[in-house]
Trainee: 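This is the structure I have questions about; it appears just below.
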Amino acid sequence: MRRALHLAAEGWGQTAPNPMVGAVVVRDGRVVGEGYHHRYGEAHAEVHAVRAAGDLARGATMYVSLEPCRHHGKTPPCTDAILAAGLTRVVVAAPDPTAVAGGGARLLRERGVRVDVGMLEREARELNAPFFHAVASRRPWTTLKLAVSIETAIADRRGSTTWLTGAESRAEVHRMRAGSDAVVVGVGTIVADDARLTVRDWSAPRKPPARVVLDRALRTPLGAEVVKTARETPTIILTRQLDGSRADALRDAGVKLRPMDDLGTGLEALRDEGIESVLVEGGATVAAAAMRDGLVHRLVIIQAPVALGKDALYAFDGAPPAVLEELETLPVVWRRQLGQDVITTFAVPDGEETAGRQGLGGQG
């Protein structure tokens, strides 16, 4: 099953809005076929695995990271492929939570196939958290990413834009972007850095993540990169200023304007746009608001061996004491070294209905 999960992660950035799925066929203690869902609209993992196994699939066991689908969508039901291949047992990590695709385990049992569900379920849900979360939530699955110095600062008081982290960490951030439906920043990041917010140091995702700017007063410059390229890559500004000449100019450039009273309503507006997962890369103000309002499911800290000094701007400056106290007790999902940096993903308790996407995905 761990191999199936590892295979599933190979589909990172290519399968949404479908989940990443991997499958392994085992016969007499030996792997005889394996596969994963490569891209949305193409053959699913189970089909690839039974094709690879060929005649050896008959009487074999399949380990699959998500319950096989039983409906006709872009492709035929995976349950049909399993039955046609003659598999006698299927081991499933996590059940499919959707009404349209769920129920494959029951159908297979009815046709005489032994089905066991729940092996490494936590890890399977971890990999596809936005998929599970979207079933019952009006807001996207939200990951907050911060690059910090050794003293957990994000910049000096002059707003330094010097890279804190190394090349490996920057590539990891682009990987995270590739697996997200949207990248979210505050308008201050656009004004200070003219950030492009695109995927560059990783394989291009099937759909580029939307760029989202939190900008209540509509301060985004008309000459900003995200505005100039809005017709090439979806760009959304969450704001209170939906009318006026500046709003019209942004719309003329291809930018979508959506209403936002606070970060929570802004996230709901993104969910209405079909966005199921967001990577928040905002500064201290955005980070503090997201944590304070209980909107974060995973907190990713990339810490570099760099000191910014006593006057530095700290990652959660302005956050209430309760948030700072909570940060000290957050459980670690995973931690690893990236060059000279250390990246740690924390689970935020308010987001524990499902597991978080950035965990296993980092191993893919």
Side-chain angles (χ1 to χ4, degrees), residues 1-132 135 206 354-355 360-361 363-364:
M1 188 62 80
R2 292 194 187 280
R3 176 61 180 165
L5 289 165
H6 181 81
L7 286 167
E10 292 294 320
W12 186 264
Q14 305 302 324
T15 65
N18 285 353
M20 295 170 282
V21 182
V24 177
V25 178
V26 176
R27 180 169 178 168
D28 299 327
R30 182 169 64 93
V31 173
V32 295
E34 59 182 33
Y36 67 94
H37 185 28
H38 291 236
R39 191 174 176 86
Y40 175 74
E42 297 181 3
H44 289 187
E46 298 93 325
V47 174
H48 283 296
V50 296
R51 285 176 180 170
D55 292 341
L56 293 176
R58 189 159 300 278
T61 296
M62 173 180 285
Y63 294 82
V64 60
S65 60
L66 185 72
E67 180 183 12
C69 67
R70 58 169 296 171
H71 78 300
H72 283 270
K74 295 284 185 181
T75 60
C78 290
T79 50
D80 286 1
I82 290 170
L83 292 169
L87 290 155
T88 56
R89 184 186 179 206
V90 175
V91 182
V92 175
D96 191 312
T98 63
V100 65
R106 184 177 66 252
L107 183 148
L108 291 172
R109 288 186 182 116
E110 290 171 353
R111 298 291 295 274
V113 178
R114 176 183 170 185
V115 181
D116 300 300
V117 180
M119 178 181 286
L120 299 184
E121 181 174 354
R122 183 188 65 81
E123 289 89 341
R125 294 173 67 86
E126 181 78 21
L127 181 62
N128 284 303
F131 170 73
F132 289 98
V135 174
R206 186 180 69 87
T354 59
L360 276 177
Q363 300 172 20

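Computed over heavy atoms, backbone and side chain alike; hydrogens, waters and symmetry mates excluded.
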Trainee: Are the side chain of N128 and the backbone of M20 linked by a donor-acceptor contact shorter than 3.5 Å?
Mentor: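 Side chain of N128 to backbone of M20: a pair is present.
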
Trainee: Indicate yes or no: at least one non-hydrogen side-chain atom of V100 is less than 4.5 angstrom from one of C69.
Mentor: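 SC-SC contact between V100 and C69 ruled out.
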
Trainee: Nearest heavy-atom pair of G35 and A45: which atoms, and what distance?
Mentor: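 Closest pair (atom of G35, atom of A45, distance): O-CB, 3.8 Å.
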
Trainee: Could you tell me the separation between the CZ atom of R3 and the CD atom of E34, rounded to the nearest 0.5 Å?
Mentor: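 Result: 4.0 Å between the selected atoms.
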
Trainee: Any side-chain to backbone donor/acceptor pair from E67 onto D96? Under 3.5 Å, distance only.
Mentor: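 It does hold such a pair.
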
Trainee: Would you say S65's side chain and A4's backbone share a donor-acceptor pair under 3.5 angstrom?
Mentor: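 No, S65 side chain to A4 backbone: no donor-acceptor pair under 3.5 Å.
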
Trainee: Drop me the distance from L107's CG to L83's CG, to the nearest 0.5 angstrom.
Mentor: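 Output value for this atom pair is 6.5 Å.
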
Trainee: Measuring from H6:NE2 to E123:CD, what's the distance to the nearest 0.5 Å?
Mentor: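 Reported value, rounded in 0.5 Å steps: 15.0 Å.
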
Trainee: Side chain to side chain contact (heavy atoms under 4.5 Å, CB included) for T98 and F131? Distances and angles first, verdict last.
Mentor: CA-CA 9 Å; T98 63; F131 170 73; 3.9 Å; yes

Trainee: At what distance, to the nearest 0.5 angstrom, does OG1 of T79 lie from CD of E110?
Mentor: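 Rounded to the nearest 0.5 Å, the OG1-CD separation comes out at 10.5 Å.
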
Trainee: Determine, step by step, whether E46 and V90 satisfy the side chain to side chain contact (heavy atoms under 4.5 Å, CB included) criterion, reporting the C-alpha distance in whole Å, the side-chain angles of both residues, the deciding distance to 0.1 Å, and the verdict.
Mentor: CA-CA 10 Å; E46 298 93 325; V90 175; over 6 Å; no

Trainee: Hey, are the side chains of F132 and L66 touching, using non-hydrogen atoms and a 4.5 Å cut-off?
Mentor: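 Yes, side chains in contact.
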
Trainee: Assess whether atom CZ of R2 is packed by more than 12 heavy atoms of other residues, nucleotides or ligands within 6.0 Å.
Mentor: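 Count not over threshold, so no.
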
Trainee: If you measure from CG on L7 to NE2 on H38, what distance do you get to the nearest 0.5 Å?
Mentor: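 Rounded to the nearest 0.5 Å, the CG-NE2 separation comes out at 9.0 Å.
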
Trainee: Do L87 and V25 make a side-chain contact, defined as non-hydrogen atoms from C-beta onward lying under 4.5 Å apart?
Mentor: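 Contact flag for L87/V25 side chains = yes.
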
Trainee: Checking R206 side chain against A16 main chain: does a donor-acceptor pair fall under 3.5 Å?
Mentor: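 It does hold such a pair.
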
Trainee: What's the spacing between R70 CZ and I82 CD1 if we round to 0.5 Å?
Mentor: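 These two atoms lie 12.5 Å from each other.
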
Trainee: Using atom types as modelled and distance alone, determine if a side-chain donor or acceptor of R51 lies under 3.5 Å from a backbone N or O of G33.
Mentor: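 Checking the backbone N and O of G33 against the side chain of R51, no donor-acceptor pair under 3.5 Å is found.
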
Trainee: Which pair of heavy atoms, one from A124 and one from L5, lies closest together, and at what distance?
Mentor: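 Closest approach of A124 to L5: CA-CD2, 3.7 Å.
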
Trainee: Closer than 3.5 angstrom, by distance alone: can the side chain of R109 be matched with the main-chain N or O of V115 as a donor-acceptor pair?
Mentor: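 Indeed, once roles are kept as given, a pair shorter than 3.5 Å links the two residues.
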
Trainee: Check T75 against E42 and note the closest heavy-atom contact, atom names and distance.
Mentor: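 Looks like CG2-O, 3.5 Å.
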
Trainee: Specify the closest pair of heavy atoms between H44 and N18, including all atoms of both residues, with the distance to one decimal.
Mentor: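 Reported closest heavy-atom pair: NE2-ND2, 4.3 Å.
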
Trainee: Just by modelled atom types, is the A43 backbone N or O under 3.5 Å from a matching donor or acceptor in the H37 side chain?
Mentor: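 Present.
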
Trainee: Give the minimum heavy-atom separation between H48 and Y36, together with the two atoms involved.
Mentor: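 Looking at all heavy atoms of both residues, the closest pair is CD2-O, 3.1 Å.
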
Trainee: Compare every heavy atom of A23 with every heavy atom of V64, then report the nearest pair and how far apart it is.
Mentor: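 Result for this residue pair: CG2-CB, 4.1 Å.
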
